[in-house]
Amino acid sequence: VTASMPANATPGAVTVTGPGGIGTLASAFEAFWPTNITSCIQWLRADLGVTLNGSSKITQWADQSGTGVHMTDAHSLGLLPAQPTMGLNGKLVVPFNSSDYGSNGDRLDNTTLPAGFTGVTAAEAFLILGGNSADPNGVWSYGGNAAGPWLPFGGNVYESFFNSGRPTGSATVSLATPCEYNCQASSGGNLTAFINKVSVGLAAGGTLNAPPNITIGNNHSGGGCLQTVPELAVYGKILSGAERARFRLYENDRYGFSL
């Protein structure tokens with residue numbers, strides 16, 4: 001039996017053809033994609049939409065959601081991550097490598113965000129990380145606070161995901177092992193964050209605020225990271241419990257988690 005993605009298919013629409021080309025049927029093969037959940041405003045996966053230059057550096061990581069939030073060298077810094085490598089659970093990952101807290105670490109950015117991204121009234125994200133016990137860990141910046149988040153800094157999370165502030169987490173956390181980092185920003189300005197479903201204890205503060213620009217591999221304060229990123233999905237809403245559970249079934253299967 002052979003499986004193929006028809007040229008005009010949308011993710012999840014897969015045709016399975018029996019021996020000799022006889023008999024076709026819809027298949028559950030890759031039956032769920034993050035875009036099957038409504039209001040997906042950015043979806044990046046390391047095996048999709050990656051463009052390399054002649055030095056095997058990533059010049060664009062293309063958004064698969066249809067919103068067009070592609071990650072590039074938008075600041076013309078030339079600090080590009082290397083091509084994807086095999087990593088978490090045998091899947092491709094994008095490696096970000098920064099040896100200090102300065103601005104010289106690998107990064108990809110978007111400084112021209114569309115209204116479909118900035119105009120939302122709530123947001124939720126799932127950032128999958130390969131794990132690394134070494135600091136620094138300024139993994140991303142998806143917030144309205146120019147100071148940027150730290151994930152973690154001194155054992156605590158500082159986060160500004162779609163938020164005007166930068167609340168600090170009370171829990172001591174580690175990104176030493178592979179994990180799901182989940183952020184939820186509600187219309188009332190409440191911001192919560194979890195590592196493998198465990199709250200990082202963010203304090204209250206700030207209001208809902210869409211980011212003026214976004215970065216992966218670094219933050220607005222110049223802190224870089226030593227992490228690999230196989231996937232990121234961002235939604236312009238807070239997911240229902242059933243939707244969140246379905247996403248986690250997908251990532252459990254793909255990355256070997258048990259969430």
Side-chain angles (χ1 to χ4, degrees), residues 5 9-14 26-50 61-71 84 87-94 116-117 120-131 139-140 142-143 149 151 157 159 161-163 173 175 177-187 190-200 202 208 210-211 214 216 227-259:
M5 178 74 76
T10 55
V14 178
S27 172
F29 176 77
E30 199 69 63
F32 173 86
W33 296 57
T35 49
N36 292 152
I37 296 174
T38 61
S39 301
C40 184
I41 56 176
Q42 188 186 39
W43 176 38
L44 306 173
R45 205 169 79 177
D47 61 335
L48 300 171
V50 172
W61 195 359
D63 174 25
Q64 304 298 306
S65 74
T67 308
V69 187
H70 310 307
M71 305 302 287
L88 181 59
N89 204 37
K91 301 298 188 294
L92 287 174
V93 299
V94 172
F117 192 94
V120 302
T121 57
E124 180 165 356
F126 297 85
L127 175 64
I128 312 303
L129 299 172
V139 176
W140 71 344
Y142 270 61
L151 176 60
V157 169
E159 185 55 77
F161 177 73
F162 278 79
N163 192 275
V173 301
L175 302 181
T177 57
C179 65
E180 171 209 274
Y181 182 61
N182 171 232
C183 278
Q184 302 169 27
S186 68
S187 58
N190 186 46
L191 177 62
T192 55
F194 307 84
I195 295 177
N196 289 343
K197 298 170 62 174
V198 178
S199 173
V200 303
L202 289 181
L208 185 80
I214 55 177
I216 298 179
Q227 285 286 344
T228 58
V229 179
E231 189 162 358
L232 167 65
V234 185
Y235 296 89
K237 67 176 185 179
I238 300 294
L239 272 62
S240 69
E243 289 172 327
R244 198 173 296 117
R246 185 63 189 89
F247 184 93
R248 285 175 171 148
L249 283 176
Y250 160 79
E251 66 181 6
N252 287 349
D253 179 65
R254 183 167 180 81
Y255 301 114
F257 292 161
S258 298
L259 298 175

For a quick test of reading the model, state the closest non-hydrogen atom pair linking [X] to [Y] and the distance between them.
| X | Y | result |
| --- | --- | --- |
| Ala125 | Asn182 | O-ND2, 3.0 Å |
| Val157 | Leu202 | O-CD2, 3.9 Å |
| Leu48 | Trp43 | CD1-CH2, 3.9 Å |
| Trp61 | Val229 | CH2-O, 3.6 Å |
| Ala46 | Leu92 | CB-O, 3.2 Å |
| Pro34 | Ala233 | CB-CB, 4.3 Å |

What orientation do Phe247 and Tyr235 show, parallel under 30°, tilted 30 to 60°, or perpendicular over 60°?
-> perpendicular
Practice problem: Run the numbers on Val200 and Glu159 for side chain to side chain contact (heavy atoms under 4.5 Å, CB included), then give the verdict. | Solution: CA-CA 10 Å; Val200 303; Glu159 185 55 77; over 6 Å; no
Starting at [atom1] of [X], measure out to [atom2] of [Y] and round the result to the nearest 0.5 Å.
| X | Y | atom1 | atom2 | answer |
| --- | --- | --- | --- | --- |
| Ser65 | Ile37 | OG | CD1 | 13.0 Å |
| Cys179 | Leu259 | SG | CG | 9.5 Å |
| Asn163 | Leu191 | CG | CG | 5.0 Å |
| Ser186 | Lys237 | OG | NZ | 15.5 Å |
| Ile128 | Phe257 | CD1 | CZ | 5.0 Å |
| Phe194 | Arg244 | CZ | CZ | 7.5 Å |

Please check this pair: side chain of [X] against backbone of [Y], looking for a donor-acceptor N/O pair closer than 3.5 Å.
| X | Y | answer |
| --- | --- | --- |
| Asp253 | Leu249 | no |
| Glu124 | Gly236 | no |
| Thr67 | Val69 | no |

### Task
Begin from the C-alpha positions of Asn190 and Gln184 and carry the test side chain to side chain contact (heavy atoms under 4.5 Å, CB included) through to its verdict.
CA-CA 8 Å; Asn190 186 46; Gln184 302 169 27; over 6 Å; no
Report task. Apply side chain to side chain contact (heavy atoms under 4.5 Å, CB included) to Arg246 and Leu239, showing your working. Result -> CA-CA 10 Å; Arg246 185 63 189 89; Leu239 272 62; over 6 Å; no
Minimum side-chain heavy-atom gap [X]-[Y] below 4.5 Å:
| X | Y | value |
| --- | --- | --- |
| Leu175 | Tyr181 | no |
| Tyr250 | Asn36 | no |
| Val94 | Leu44 | no |

In Glu180, Lys91, Glu231, the residue satisfying side chain to side chain donor-acceptor pair (under 3.5 Å) with Tyr255 is Glu231
TODO: Just do the side chain to side chain contact (heavy atoms under 4.5 Å, CB included) check on Tyr142 and Leu127 with the steps written out, would you?
DONE: CA-CA 11 Å; Tyr142 270 61; Leu127 175 64; over 6 Å; no
